[in-house]
**Q** 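The structure is given below, and queries will be raised subsequently.
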Amino acid sequence: MSNLIKLNENIWLFPFNPENVQPNIGVIIDDDQTILIDCGNSPQQASIIKLELELMKAPPVKYIILTHHHWDHTFGSCVFKGCEIIAHELTYDYLKQMKKINWSKEYLLNEIKRDPSMKLSHEAKLAAVKDWESFNISLPTRTFNGSINLKLKNVSLELSHIGGNHAEDSILIKELNSNVIFAGDCFYPKPLEDKVSLNILKSLYSQSAEIYIHGHGKPADISLLEAFIRQIEKNK
């Protein structure tokens, strides 16, 4: 049975799993090409996604769009060979620096000793990536600053920089035909209130999307977003 969840005619979701820091991965299927929103927390997760797409006879992955640079959204990139990776300019800069690291079990264990505050994050990486020898970070092949549009046969995407407290390179991906927004990690339904930007939430609300897909939870609708905004305003 496929793990992919169909949201509408063109959009599917490979759902999050909080137990292994596995974020939602968006799958947008056009007539002859597939677009991924993020690419998984490891080559292992990316390989599972790739197999699921092959089993459902989806067209080849032509584009990967990265919502931001964090490892759980980008470490699966090397599995998808020859596709175009689109991201914000800041995402490219972050990944370029990350690519210089000699990633290995030993490196991460040493980093935990050096900075114990990173223990949970580094242990999650160790659990997610099983083979560091073949691991590689693929850099974006197309970058942008403010916003760009990607027009395909049946899909029209608007990519725009939104930033935020979680990651300054965060972008939104809006599928204009179905009014679905992929918000990455700039929005959670129940984040720590000091980590959420009320301005970002209001910006998302103003777009009145049918579905808001964020990185680590079930897709939200505008009523949930409105309730969350009211909750934060009440507590300020």
**Q** Partners of Ser160 by side-chain contact (heavy atoms from CB on, under 4.5 Å), sequence neighbours excluded?
**A**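 Ser160 satisfies side-chain contact (heavy atoms from CB on, under 4.5 Å) with Ser147, Leu172 only.
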
**Q** Please enumerate all residues that pass side chain to side chain donor-acceptor pair (under 3.5 Å) together with Glu226, with sequence neighbours excluded.
**A**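 Residues passing side chain to side chain donor-acceptor pair (under 3.5 Å) with Glu226: Arg230.
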
**Q** Kindly write out the residues that satisfy side-chain contact (heavy atoms from CB on, under 4.5 Å) with Asp131, not counting sequence neighbours, or none if the list is empty.
**A**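 Expected list: Gln44, Glu133, Ser134.
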
**Q** Indicate yes or no: at least one non-hydrogen side-chain atom of Ile173 is less than 4.5 angstrom from one of Ile181.
**A**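 Ile173 does not reach Ile181 side chain to side chain.
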
**Q** Would you call the rings of Tyr94 and His69 parallel, tilted or perpendicular, where under 30° means parallel and over 60° means perpendicular?
**A**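 Ring orientation, 0 to 90° scale: parallel.
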
**Q** Determine the interplanar angle of the Trp103 and Trp132 rings, folded into 0 to 90°, and report it as parallel if under 30°, tilted if 30 to 60°, perpendicular if over 60°.
**A**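 Trp103 and Trp132: parallel rings.
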
**Q** State, with a plain yes or no, whether a side-chain heavy atom of Tyr212 is found less than 4.5 Å away from one of Pro219.
**A**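 Result no, sub-4.5 Å side-chain heavy-atom pair not found.
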
**Q** Got Glu175 and Val155 here, is their nearest side-chain heavy-atom distance under 4.5 Å?
**A**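 Result yes, sub-4.5 Å side-chain heavy-atom pair found.
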
**Q** In the structure I gave you, are the side-chain heavy atoms of Ile86 and Ile64 within less than 4.5 Å of one another anywhere?
**A**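 Answer no - side chains too far apart.
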
**Q** Restricting to pairs with a member in residues 202-216, which pass salt bridge (charged side-chain N to carboxylate O under 4.0 Å, His left out), not counting sequence neighbours?
**A**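 For residues 202-216, and leaving out neighbouring residues, the salt bridge (charged side-chain N to carboxylate O under 4.0 Å, His left out) pairs sorted by first residue read Lys202-Glu233.
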
**Q** For Ala128, check side-chain contact (heavy atoms from CB on, under 4.5 Å) against everything at least two apart and list the hits.
**A**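 In terms of side-chain contact (heavy atoms from CB on, under 4.5 Å), with neighbours along the sequence ignored, Ala128 is linked to Asn41, Ser42, Trp71.
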
**Q** Considering only residues two or more places apart or on different chains, which pairs with a residue in residues 34-43 satisfy salt bridge (charged side-chain N to carboxylate O under 4.0 Å, His left out)?
**A**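 Found none.
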
**Q** When rounded to the nearest 0.5 angstrom, what is the spacing between CD in Gln45 and CD1 in Ile25?
**A**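 If I round to the nearest 0.5 Å, the distance is 5.0 Å.
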
**Q** According to salt bridge (charged side-chain N to carboxylate O under 4.0 Å, His left out), who are the partners of Glu123, at least two apart in sequence or on a separate chain?
**A**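 Glu123 satisfies salt bridge (charged side-chain N to carboxylate O under 4.0 Å, His left out) with Lys119 only.
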
**Q** Can you name the residues that form a side-chain contact (heavy atoms from CB on, under 4.5 Å) with Pro60, not counting sequence neighbours?
**A**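 Applying side-chain contact (heavy atoms from CB on, under 4.5 Å) to Pro60 gives none.
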
**Q** Would you say Lys96 has more than 12 foreign heavy atoms packed within less than 6.0 Å of its NZ?
**A**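 Not buried by this count: 12 neighbours or fewer within 6.0 Å.
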
**Q** Working note: His73 + Asp185, criterion side chain to side chain donor-acceptor pair (under 3.5 Å); need CA distance, chi angles, decisive distance, verdict.
**A** CA-CA 10 Å; His73 297 257; Asp185 287 358; 2.9 Å; yes

**Q** Could you give the distance from CZ (Phe16) to CG (Asp72), rounded to the nearest 0.5 Å?
**A**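 It comes to 13.0 Å.
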
**Q** At what distance, to the nearest 0.5 angstrom, does CD1 of Ile11 lie from CD1 of Ile213?
**A**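 Atom-to-atom, Ile11:CD1 and Ile213:CD1 are 6.0 Å apart.
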
**Q** How many angstroms lie between atom CD1 of Ile222 and atom OG of Ser208, to the nearest 0.5 angstrom?
**A**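 Here the interatomic distance stands at 4.0 Å.
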
**Q** With a 4.5 Å heavy-atom cut-off, do Met56 and Ile29 have their side chains touching?
**A**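 Yes, close enough: below the 4.5 Å cut-off.
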
**Q** Kindly state whether the ring of His70 and the ring of His166 have centres lying under 6.0 angstrom apart.
**A**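 Aromatic pair counts; centres sit under 6.0 Å.
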
**Q** Using the test salt bridge (charged side-chain N to carboxylate O under 4.0 Å, His left out), find all partners of Asp31 that sit at least two apart in sequence or belong to another chain.
**A**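 Partners of Asp31 under the salt bridge (charged side-chain N to carboxylate O under 4.0 Å, His left out) test: none.
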
**Q** By the salt bridge (charged side-chain N to carboxylate O under 4.0 Å, His left out) test, which pairs, at least two apart or in different chains, include something from residues 142-161?
**A**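 Found Asp32-Lys153, Glu84-Arg142.
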
**Q** Could you name each residue pair satisfying side chain to side chain donor-acceptor pair (under 3.5 Å) that touches residues 17-28, not counting sequence neighbours?
**A**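 Qualifying pairs, neighbours excluded: none.
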
**Q** What's the spacing between Leu7 CG and Ile5 CD1 if we round to 0.5 Å?
**A**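 Interatomic distance, Leu7 CG to Ile5 CD1, rounded to 0.5 Å: 7.0 Å.
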
**Q** Just how far is it from atom CG of Leu53 to atom CZ of Phe14, taken to the nearest 0.5 Å?
**A**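 These two atoms lie 9.0 Å from each other.
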
**Q** Determine whether Leu152 and Tyr63 make a side-chain contact, defined as any pair of heavy atoms from C-beta on separated by less than 4.5 Å.
**A**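 In contact.
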
**Q** Under the side chain to side chain donor-acceptor pair (under 3.5 Å) test, which residues partner Tyr92, sequence neighbours left out?
**A**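 Partners of Tyr92 under the side chain to side chain donor-acceptor pair (under 3.5 Å) test: none.
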
